[in-house]
Amino acid sequence: MAKPAKRRVQGGRTTPRGGPTRAPKSTTANEPSGRYTAPIPRDVKVSPIWVPIVMFAFLGIGTLTILLNYTGVVWDTSNWILLGGLGSILAGIITATQYH
């Protein structure tokens, strides 16, 4: 005797209806969250004056080095000089991340 063919269901839910639901947590002004992050003091946020000066110096030296390398006015064109200029620009970008 042959087995009866299973009925295939198209579409519909894959999970049963209902079931446990979680109520969203809400924090109000009267209820503290339990975690406190102290504000950062103002004197910590201020960068020293040398940070933007060094940043612009690195960016300017790197740009000038690359331009002089391509024109060949000061020295012969070289990939090492190009890499030095790119490294100087990278140092300027890294210094820019320290500016607050």
Side-chain angles (χ1 to χ4, degrees):
M1 183 185 251
K3 287 185 175 181
K6 285 192 172 185
R7 183 177 73 125
R8 297 195 86 152
V9 178
Q10 298 292 329
R13 297 180 61 92
T14 57
T15 57
R17 284 192 179 176
T21 60
R22 285 190 262 166
K25 286 188 175 182
S26 65
T27 58
T28 61
N30 299 336
E31 179 184 330
S33 67
R35 293 184 179 203
Y36 174 72
T37 304
I40 299 173
R42 188 143 182 87
D43 58 343
V44 174
K45 291 182 184 178
V46 178
S47 294
I49 192 66
W50 61 266
V51 174
I53 294 171
V54 169
M55 175 188 70
F56 285 119
F58 274 133
L59 292 172
I61 290 170
T63 304
L64 189 64
T65 304
I66 291 172
L67 287 175
L68 290 176
N69 184 42
Y70 277 121
T71 57
V73 174
V74 179
W75 53 79
D76 256 352
T77 58
S78 170
N79 286 341
W80 291 108
I81 296 172
L82 180 66
L83 286 174
L86 289 173
S88 179
I89 291 175
L90 180 64
I93 292 171
I94 290 172
T95 308
T97 63
Q98 303 302 316
Y99 185 70
H100 294 272

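As the structure is a prediction and not an experimental result, all values here were calculated from the model. Computation of the quantities below employed the complete heavy-atom set of this structure, encompassing side-chain atoms and omitting hydrogens, waters and symmetry-equivalent molecules.
- Ile61 belongs to no multi-residue hydrophobic cluster, having no ILVMFWY side-chain contact under 4.5 Å with any other such residue.
- Under a hydrophobic clustering in which Ile, Leu, Val, Met, Phe, Trp and Tyr are joined whenever their side-chain heavy atoms come within less than 4.5 Å, directly or via other members, Leu59 and Tyr70 fall into the same cluster.
- Applying the 4.5 Å side-chain rule to ILVMFWY residues, one finds Ile53 in the same cluster as Ile49.
- One distance of note links CD1 of Ile66 with CG of Leu83; it measures 9.0 Å at 0.5 Å rounding.
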Could you pull out every donor-acceptor pair under 3.5 Å between side chains of residues 84-95 and any protein atom, sequence neighbours left out?
unit_1, atom_1, unit_2, atom_2, d
Ser88, OG, Phe58, O, 2.8
Ser88, OG, Gly62, N, 3.4
Thr95, OG1, Ala91, O, 2.7

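- One hydrophobic cluster, built from ILVMFWY side chains closer than 4.5 Å, holds both Leu64 and Val74.
- For Thr97, there are no side-chain contact (heavy atoms from CB on, under 4.5 Å) partners at least two apart in sequence or on another chain.
- Separating the OG1 atom in Thr77 from the CG atom in Leu68 is a distance of 12.5 Å, to the nearest 0.5 Å.
- In the hydrophobic clustering of this structure, Val51 does not group with Met55; members are Ile, Leu, Val, Met, Phe, Trp, Tyr whose side-chain heavy atoms approach within less than 4.5 Å, directly or through other members.
- Qualifying side-chain contact (heavy atoms from CB on, under 4.5 Å) partners for Ser78, counting only residues two or more places apart in sequence or in other chains: Trp80, Ile81.
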